[in-house]
Amino acid sequence: MDAGLAAVLGALAGSVATIGASVATGWSAREQARTAARAEHLRQRRDARQTIYEELITAAHAHSDLTKILLLPAPEDFSDLERLRLLPPGMDLMMVIRESEALHESVKKISTRVQLAGPKEVSTAAALVDEKSREVYAVLAVMRVPATYPGALSLSDQWRDGCTRFCDFSDAMDDFSERARIALDNDGTKN
C-alpha cells in the first residue's frame with residue numbers, strides 16, 4: 001500500500017471516529033437533558049400535588065374535629081339533652097350546622113382541585129372524602145327538623161346515623177391520606 005493512501009485512510013478513519021464520538025456525545029447530552037427535564041417536571045408536579053393534598057387533609061380534619069363532638073358514639077344512656085351539653089361553651093347546634101356547611105364547601109372545592117391534579121387513585125379517594133363530608137353535614141342539617149315532624153327520626157336515631165356517617169368520613173380521610181402518600185412516593189419509575 002502506498003504511503004499516501006495509508007495517510008488518507010488514516011485521516012478518514014480518524015474523521016469517522018471523531019464524527020462518531022461527536023454523535024454519541026450529542027446523543028448522550030440530549031438524553032441527559034431530557035432526563036433532567038423530566039425529573040424537574042415530576043418534582044414540580046409532586047410539589048403542587050403535595051400542597052393540594054395537604055389542603056384537603058387540613059380541611060377534612062377541620063370538618064371532622066367540629067362534628068365529632070356531636071357524632072361520635074356516646075353511651076346509650078345519654079339523653080338528647082345531655083348530648084347537646086357536650087358542645088363547647090358558646091356553641092349551639094345551629095352554629096355547628098352552619099360551620100359544618102362552610103367546612104364541607106371548603107372540602108368540596110379542594111377535592112375538585114385534587115381530582116384535577118390526579119392521579120386517578122387519589123382523585124377517586126378525594127371524591128369519596130367530599131361525598132362523606134357532605135353526608136356528615138346532611139345528617140347535622142336534618143337535626144334542625146323537630147323529631148315531632150311526620151317521618152322524622154328521633155334525635156337519638158339521628159345521632160346513631162350520624163355516628164355511622166362520621167365513621168365512614170373518617171375511613172375515607174384515612175384512605176385518601178394513604179393513597180396520597182403512595183402517589184407522592186412515586187418517583188416516576190413506577191407505573
Side-chain angles (χ1 to χ4, degrees), residues 20-73 86-88 90-91 93-142 161-191:
S22 294
V23 167
T25 301
W27 177 83
S28 175
R30 187 179 68 223
E31 287 303 310
Q32 286 176 343
R34 183 179 290 160
T35 300
R38 173 86 174 134
E40 179 62 16
H41 171 75
L42 289 174
R43 186 193 63 75
Q44 288 176 357
R45 189 172 185 190
R46 181 190 177 282
D47 290 350
R49 283 179 173 173
Q50 181 173 348
T51 300
I52 296 168
Y53 297 170
E54 287 173 356
E55 288 176 26
L56 181 59
I57 290 168
T58 300
H61 277 289
H63 193 201
S64 171
D65 290 345
L66 173 75
T67 57
K68 74 180 169 188
I69 297 167
L70 281 174
L71 298 179
L72 278 181
L86 293 174
L87 290 172
M91 287 188 89
L93 181 59
M94 289 307 294
M95 184 183 291
V96 172
I97 292 169
R98 281 191 303 274
E99 185 66 19
S100 176
E101 179 181 26
L103 290 169
H104 166 64
E105 286 301 316
S106 177
V107 166
K108 181 179 178 178
K109 287 177 185 174
I110 298 168
S111 171
T112 300
R113 291 176 44 216
V114 169
Q115 291 175 52
L116 292 172
K120 184 178 180 179
E121 297 80 22
V122 177
S123 296
T124 302
L128 188 61
V129 168
D130 174 32
E131 176 185 328
K132 297 305 176 184
S133 171
R134 180 184 42 77
E135 288 177 7
V136 164
Y137 161 66
V139 165
L140 290 176
V142 167
D161 182 42
C163 177
T164 300
R165 299 205 187 259
F166 179 82
C167 291
D168 292 346
F169 180 40
S170 247
D171 290 345
M173 288 172 22
D174 291 344
D175 182 56
F176 172 78
S177 294
E178 179 63 16
R179 290 176 187 265
R181 184 194 60 73
I182 290 168
L184 292 173
D185 282 347
N186 185 349
D187 63 1
T189 60
K190 303 171 192 168
N191 289 336

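Position 1 is the first residue of the sequence; numbering continues from there.
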Results of side chain to side chain contact (heavy atoms under 4.5 Å, CB included) for Ala180 - residues two or more places apart only: Tyr53, Phe176

Residue list, side chain to side chain contact (heavy atoms under 4.5 Å, CB included) with Gln50, at least two apart or on another chain: Arg46, Glu54, Leu184

Pairing residues for Asp171 by the side-chain hydrogen bond (donor to acceptor under 3.5 Å, both in side chains) criterion, not counting sequence neighbours: none

Set of salt bridge (charged side-chain N to carboxylate O under 4.0 Å, His left out) partners for Asp175, sequence neighbours left out: Arg179

Of all pairs that satisfy salt bridge (Lys or Arg N to Asp or Glu O under 4.0 Å), the ones with a partner from residues 121-131, not counting sequence neighbours: none

For Arg113, side-chain hydrogen bond (donor to acceptor under 3.5 Å, both in side chains) partners two or more places apart: Glu55

Under-4.0 Å salt bridge between Glu178 and Arg181: yes

Between CE on residue Met95 and CG on residue Leu66, distance to nearest 0.5 Å: 10.5 Å

For His63, ring pair (Phe, Tyr, Trp, His ring centres under 6.0 Å) partners two or more places apart: Phe169

Leu103 side, atom CG; Thr67 side, atom OG1 - distance, nearest 0.5 Å: 8.5 Å

Sequence-distant partners of Asp174, side chain to side chain contact (heavy atoms under 4.5 Å, CB included), two or more places apart: none

Exam field: side chain Ser106 to backbone Ala102, donor-acceptor pair closer than 3.5 Å: no

Nearest non-hydrogen partners of Ala183 and Val122, listed with the distance: CB-CG2, 3.6 Å

side-chain hydrogen bond (donor to acceptor under 3.5 Å, both in side chains) partners for Glu99, two or more places apart: none

Shortest non-hydrogen contact from Val96 toward Leu140: CG1-CD1, 4.2 Å

Heavy-atom pair with the smallest gap, counting every atom of Gly162 and Val139: CA-CG1, 3.4 Å

Sequence-distant partners of Glu105, salt bridge (charged side-chain N to carboxylate O under 4.0 Å, His left out), two or more places apart: none

Side chains of Ile57 and Ser177 in contact at under 4.5 Å (non-hydrogen atoms): yes

Sub-4.5 Å side-chain heavy-atom contact between Met173 and His61: yes

Distance-minimising heavy-atom pair for Ile97 and Ala141: CG2-CA, 4.1 Å

Separation of Lys109 NZ from Ser111 OG (nearest 0.5 Å): 13.0 Å

Closest approach of Ala172 to Val129 (non-hydrogen atoms, all atoms of both residues): O-CG2, 3.4 Å

Partners passing side-chain hydrogen bond (donor to acceptor under 3.5 Å, both in side chains) against Arg165 (at least two apart in sequence or in another chain): Glu135, Asp161

Heavy-atom side-chain proximity of Leu56 to Ile52 below 4.5 angstrom: no

